[in-house]
Amino acid sequence: MQARYDNPTSSTMPATLTFAADNFGWVWINSEQVGYTDTFTTLTTEAISLPPGEDTVDFMVMNDPNSPASDPTEFENPAAGILSITNSAGQTILATNDTDWTEIDNPPTNPDPSPQSLLPAGYTPQNCAAGGCG
């Protein structure tokens with residue numbers, strides 16, 4: 001997913017990124033990875049900075065498969081994530097429940113760690129945004 005935020009100040013804005021993903025999540029701001037999580041049971045919090053002007057925020061999630069490697073589509077298991085960015089006054093300036101998010105085909109840069117390195121042997125990540133899911 002991708003959204004944009006316009007930092008109306010003329011300087012870098014300190015902010016807090018809070019997110020969780022089922023099971024893995026990556027966040028980029030202006031194509032720079034600023035966060036990674038491997039849990040949906042607790043929130044991950046990162047101190048970030050938003051440069052002046054329009055900033056692009058990308059959020060990618062991936063679920064750990066629960067189907068056998070012999071048939072990865074046997075049990076559909078969708079991924080989900082939540083994200084918010086708050087300013088230093090604690091005001092939410094961007095959240096996943098906002099309507100300005102769009103679906104994109106790929107993250108801006110290669111995720112670290114790579115999705116393939118997180119999956120059990122025999123699985124290949126499916127890019128549902130690019131039509132890779134049934």
Side-chain angles (χ1 to χ4, degrees):
M1 301 186 325
Q2 185 177 82
R4 300 190 189 288
Y5 173 74
D6 185 30
N7 174 356
T9 70
S10 59
S11 59
T12 300
M13 176 190 301
T16 301
L17 165 68
T18 305
F19 65 113
D22 180 10
N23 292 90
F24 309 100
W26 297 260
V27 180
W28 294 263
I29 296 183
N30 299 331
S31 299
E32 180 182 332
Q33 186 173 333
V34 295
Y36 165 75
T37 188
D38 62 359
T39 183
F40 59 92
T41 58
T42 59
L43 294 172
T44 299
T45 302
E46 302 282 349
I48 60 170
S49 297
L50 298 172
E54 186 174 76
D55 296 309
T56 301
V57 179
D58 292 283
F59 184 33
M60 181 178 85
V61 296
M62 181 182 78
N63 206 344
D64 210 5
N66 67 351
S67 58
S70 60
D71 184 3
T73 62
E74 184 175 338
F75 307 109
E76 296 297 328
N77 190 15
I82 58 170
L83 173 149
S84 71
I85 297 176
T86 54
N87 62 18
S88 58
Q91 299 166 316
T92 300
I93 57 176
L94 184 66
T96 48
N97 61 347
D98 295 340
T99 59
D100 54 354
W101 288 89
T102 58
E103 189 175 278
I104 60 171
D105 287 350
N106 292 295
T109 60
N110 291 329
D112 181 26
S114 73
Q116 185 65 54
S117 71
L118 301 169
L119 293 174
Y123 289 92
T124 301
Q126 293 183 357
N127 184 342
C128 294
C133 300

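All of these numbers come straight from a predicted model, not from anything done at the bench. Positions are given from 1, in the same order as the sequence printed here.
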Would the number of heavy atoms belonging to other residues, nucleotides or ligands and lying under 6.0 Å from CG of Asn110 be above 12?
no
In Å and rounded to the nearest 0.5 Å, what is the CD1 to CZ distance from Ile85 to Phe59?
10.5 Å
Go through the steps for Val57 and Asn30 under the test side chain to side chain contact (heavy atoms under 4.5 Å, CB included), then give the verdict.
CA-CA 6 Å; Val57 179; Asn30 299 331; over 6 Å; no
Contact summary for Ser31 and Thr109, nearest pair of heavy atoms:
O-CG2, 3.3 Å
Determine whether a donor-acceptor pair (N or O, by modelled atom type, separation under 3.5 Å) exists between the side chain of Gln91 and the backbone of Thr86.
no
Test your reading of the model: is there a side-chain donor-acceptor pair from Ser84 to the backbone of Ala95, 3.5 Å cut-off?
no
Met13 vs Ser49 side-chain heavy atoms within contact, under 4.5 Å
no
Minimum side-chain heavy-atom gap Leu118-Asp38 below 4.5 Å:
no
Report yes or no: does Trp26 contribute a side-chain atom to a donor-acceptor pair with the main-chain N or O of Pro113 at less than 3.5 Å?
yes
Atom pair CD (Gln2) and CE (Met60), whose distance is rounded to the nearest 0.5 Å
13.5 Å
Student check: side-chain heavy atoms of Val27 and Ile48 closer than 4.5 Å:
no
One pair to check against side chain to side chain contact (heavy atoms under 4.5 Å, CB included): Val61 and Phe24. What are the steps and the verdict?
CA-CA 6 Å; Val61 296; Phe24 309 100; over 6 Å; no
Got Tyr36 and Asp112 here, is their nearest side-chain heavy-atom distance under 4.5 Å?
no
Nearest 0.5 angstrom please: Asp55 CG to Leu94 CG, how far?
10.0 Å
Can you list every side-chain hydrogen bond (donor to acceptor under 3.5 Å, both in side chains) pair that touches residues 3-20, not counting sequence neighbours?
Arg4-Thr56, Asn7-Thr9
Looking at Glu32, I want to see if its CD is surrounded by more than 12 non-hydrogen atoms of other residues, nucleotides or ligands under 6.0 Å.
no
State, yes or no, whether a side-chain contact exists between Met1 and Asp58 at a heavy-atom distance under 4.5 Å.
no
Scanning both residues in full, the closest heavy-atom pair of Pro111 with Trp28 reads CA-CZ2, 3.8 Å
If we only count heavy atoms from C-beta on, is the Leu17 to Val34 side-chain gap below 4.5 Å?
yes
Quick one: are Asn23 and Phe40 in side-chain contact, heavy atoms under 4.5 Å?
yes
Does the side chain of Phe19 come within less than 4.5 Å of Glu46's, by heavy atoms?
yes
If you apply the rule side-chain hydrogen bond (donor to acceptor under 3.5 Å, both in side chains), what do you find for Thr96 with Trp101, and how did you get there?
CA-CA 7 Å; Thr96 48; Trp101 288 89; 5.7 Å; no
Under the criterion side-chain hydrogen bond (donor to acceptor under 3.5 Å, both in side chains), I'd like the reasoning laid out for Thr37 against Thr39: C-alpha separation, chi angles, the key distance, then a yes or no.
CA-CA 6 Å; Thr37 188; Thr39 183; 5.6 Å; no
